[in-house]
Structure formats: C-alpha cells, structure tokens
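The sequence lines fix the lettering, A, B, ..., with proteins before strands; numbering per chain opens at 1.
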Number of protein chains: 2
Amino acid sequence: MKQSDKYAEILKKGDLRATKQRYAILEVLDCNGAPVSAEDLYIQLKRKGIPISLSTVYRILDAFQEKGIVVRSNFPDVSKAVYELFCEEHHHHLLCVDCRRVFPVEGCPLEDYERLIEERLNFTVKGHNLEVYGHCKDCKKKT
Amino acid sequence: MKQSDKYAEILKKGDLRATKQRYAILEVLDCNGAPVSAEDLYIQLKRKGIPISLSTVYRILDAFQEKGIVVRSNFPDVSKAVYELFCEEHHHHLLCVDCRRVFPVEGCPLEDYERLIEERLNFTVKGHNLEVYGHCKDCKKKT
DNA sequence: TTCTTAATGAGAATGATTCGCATTTGCATT
DNA sequence: AATGCAAATGCGAATCATTCTCATTAAGAA
C-alpha cells in the first residue's frame, strides 16, 4: 500500500474529504515524528510548495483532532499548542528545557495510580496528560 | 500569627514590597484552594472591592511565580493559564470535564518512572506535569 | 518628612487562534 | 464528461489571553 493510500484511508475513516492540503499535513506530521506547532507546520508546507493558508492549517488540525487523527498538547511555558499524529501505543514526552526538543518515551506508569483515584475518590478517569521536563543528553554535555 | 503576617512574611522572603494588591491576591489564592485564572482572580478581587487592574494581576502572578510563591499550569483545552499557591506536598490535579472543577490529589506516582528515564535515556529530569481528567463524583450522578 | 525606586493603572501592542464570507474544489449523481 | 451542492479553502478581520509602555503613585529606607 502506498503512503497516499494510507492517508486517503485515514481521511475516509474520519469522513473528511481528500484535499491536497490534508494529504500534505498528514505527510508532514507522519515524517516529523515529534509534535509541531501550527505555524511550524505552515512554514514546512510552504517550503514544500504546498499552497495553503495558516487558517486552513488550524482548521485542518482542529478537524483532525476532533476525529482523533491528531493529538494536541500544550507544553508548560510554551504559548502555542503542538500537534502530532495519534499513536496507538500510549506514550509520553520528555521536553528539553534547553534546546526545546521533544522526545517520545514509550510506556506509561499511571495505571495503578488511576485505579487508586477511581476507588478512593470516586472519579471516573478518562485520560491524562503527562510531560517530563529537564535536560537532554546533548544539552547536558554542553554545560 | 495573623493571616496578614503570614502574607507579609511570604512577600518579605520573596523580596517583594508589601502592597494591598499583593496581600489581596495571596488571600484569594489561599482561600480558593483550587487553581484560578488571572481573570477569575481579577473578578474576585473587584468583587471584594480591591482596587486593581488586570495587568497588575498578571504582573503580580508573574512575580510570584518567579519567586516560587505560586505555580502556573496550563490545562489541556483551556486556553488560559491557571495559578495556585505553591504547596509543599507535591500533588496533582483531577479535572472534571463536565463541571470543569479541579480537585487536588496528594501523592505522586512518578518517582520510579523518572529514575528509569534518567537511566535509560540519559536525561536529567527536572520536573513534570501531570493532570488526570474524567468525570467527578457529582457529575457522574447527574447522567 | 524626604527621597529613591518599585509597583500600579490604563490602555496600546502582540501573538496565537478563530471567525466570516466570498470563492473554489471534491465527489456523488446524472 | 458535465452538473450541482455541500464541504473546504484563502484572506483578512476579529477575538482572546497576555505583555508592554509610560505616566503616576506609594513603600520603605534614611
């Protein structure tokens, strides 16, 4: 199966029309790995020669997030939201406070904690947000 | 010791002048328990008859955060930042997606996880952000 | 009481995001 | 392939949270 077929399927499943702009956003997110801001995405798309406007980037990301195609996050002390493709394997992020890069970490330590919350506080847990921040191995060296 | 003495001490320790506005913000945060946005804080202060402007609220919260007196957080899908008094006991928050209330939970399940990250990924952990969201016990009933 | 400097108020400026509306484009149906 | 219509896009204006500027006020040391 070609990449473009994969994207077409994602869009069809989400009941979204297949447009050049949507394909291009899926492709960039797919290649990018780490979360990107709407503006970065816009710049990358322009650089690739894709005709698109910033508001369309926002609109597409919104639609994607509604359909569960992407996940939006807000990192502390960063004023813009970032987006990445939804990933089956639940994972979290390490943020380097020096170089501002984002590293994925697979796995999640919260199952027991959430069970405890459900039992002790009678709260139905639907999800969580977790980011860990600090100094990545490259930035550690430099100091 | 009176409450106002407590606030005076906090300000002195932070090397900040004691002003009516700063006392008032400390008092509201102290009574409020849960995190509040700058605007909510401003509204509450006005309601109490405190003369203050919104920019001052932001400035004071900024200064407080710099001194470690308050903690600022960004909850997902909420565009404004929220602030609460720094609390010695490390804790996290439960967000009810229905009533939007915030509940504190003491304790933290991340020690082992962070140790693992430090070892496996050679990343120096400085802190983390964790919020759990779902339906609180009151909203659960209503449905 | 005076002086210096930090803090405040009011509103303008900024930056991220959303909205409104005219135009274009997928795509289901002839 | 041509048609029609709803969905998607582009552009700029609008909005929202937050920060900045600068003139005025008030803490607190001397």
For the pair made of [atom1] in [X] and [atom2] in [N], what is the distance, rounded to whole Å?
X       : N      : atom1 : atom2 : answer
A:Asp62 : D:dT9  : CG    : P     : 12 Å
B:Glu39 : D:dT15 : CD    : P     : 15 Å
A:Ile60 : D:dT9  : CD1   : C1'   : 8 Å
A:Leu61 : D:dT9  : CG    : P     : 11 Å

Salt bridge between A:Asp98 and A:Lys140, side-chain N to carboxylate O under 4.0 Å?
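No, this pair does not count.
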
Salt bridge check: are B:Lys80 and B:Asp40 linked by an N-O gap of less than 4.0 Å?
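The answer is no: the pair does not qualify as a salt bridge.
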
Using modelled atom types and a 3.5 Å cut-off, is there a donor and acceptor pairing between side-chain atoms of A:Gln21 and backbone atoms of A:Pro51?
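Side chain of A:Gln21 to backbone of A:Pro51, a donor-acceptor pair under 3.5 Å: yes, one is there.
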
Kindly state whether the ring of B:His90 and the ring of B:His128 have centres lying under 6.0 angstrom apart.
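Yes.
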
Among B:Val28, B:Ile25, B:Thr56, B:Ile52, find the one that has a side-chain contact (heavy atoms from CB on, under 4.5 Å) with B:Tyr42.
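For B:Tyr42, the side-chain contact (heavy atoms from CB on, under 4.5 Å) test succeeds with only one of B:Val28, B:Ile25, B:Thr56, B:Ile52, which is B:Ile52.
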
At 4.0 Å (heavy atoms only), tell me whether B:Ala81 reaches a base, stays on the sugar-phosphate, or touches nothing.
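Answer is sugar-phosphate: B:Ala81 comes under 4.0 Å of backbone atoms only.
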
Of all nucleotides in DNA chain C that come within under 4.0 Å of a heavy atom of chain A, which is furthest toward the 5' end and which toward the 3' end?
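First-to-last contact on DNA chain C, by the 4.0 Å heavy-atom rule, is C:dA16 to C:dC27.
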
Should the heavy atoms of other residues, nucleotides or ligands under 6.0 Å from [atom1] of [X] be counted, would the total exceed 12?
X        : atom1 : value
B:Lys13  : NZ    : no
B:Lys12  : NZ    : no
A:Lys126 : NZ    : no

Assess the residue pair A:His91 and A:Cys108 against the criterion (side-chain contact (heavy atoms from CB on, under 4.5 Å)); give the C-alpha distance rounded to whole Å, side-chain angles, the decisive distance to 0.1 Å, and a yes or no.
CA-CA 6 Å; A:His91 68 288; A:Cys108 174; over 6 Å; no

Contact list please: residues 11-29 of chain A against DNA chain C, heavy atoms, distance less than 4.0 Å, in numerical order.
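Under 4.0 Å from DNA chain C: A:Arg17, A:Ala18.
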
Between residues 42-59 of chain B and DNA chain C, which residues have a heavy-atom gap below 4.0 Å?
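Heavy-atom contacts with DNA chain C come from B:Pro51, B:Ile52, B:Ser53, B:Ser55, B:Thr56, B:Arg59.
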
Applying side-chain contact (heavy atoms from CB on, under 4.5 Å), run through B:Ile10 and B:Lys67 and close with a yes or a no.
CA-CA 10 Å; B:Ile10 291 172; B:Lys67 300 297 183 179; over 6 Å; no

Just to verify, what does A:Phe75 make a ring-ring contact (aromatic ring centres under 6.0 Å, His included) with, not counting sequence neighbours?
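Checked A:Phe75 against ring-ring contact (aromatic ring centres under 6.0 Å, His included); matches are A:His93.
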
Quick one: list whatever passes ring-ring contact (aromatic ring centres under 6.0 Å, His included) with B:His135, sequence neighbours left out.
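In terms of ring-ring contact (aromatic ring centres under 6.0 Å, His included), with neighbours along the sequence ignored, B:His135 is linked to no residue.
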
Using the C1' atoms of the five pairs at each end, what is the angle between the end axes of the helix from C:dT1-D:dA30 to C:dT30-D:dA1, to 10°?
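Here the helix ends are tilted 40° relative to one another.
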
Donor-acceptor side-chain pairing of A:Asp77 and A:Tyr133 below 3.5 angstrom:
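No, because no side-chain N or O of A:Asp77 sits under 3.5 Å from a partner of the opposite role on A:Tyr133.
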
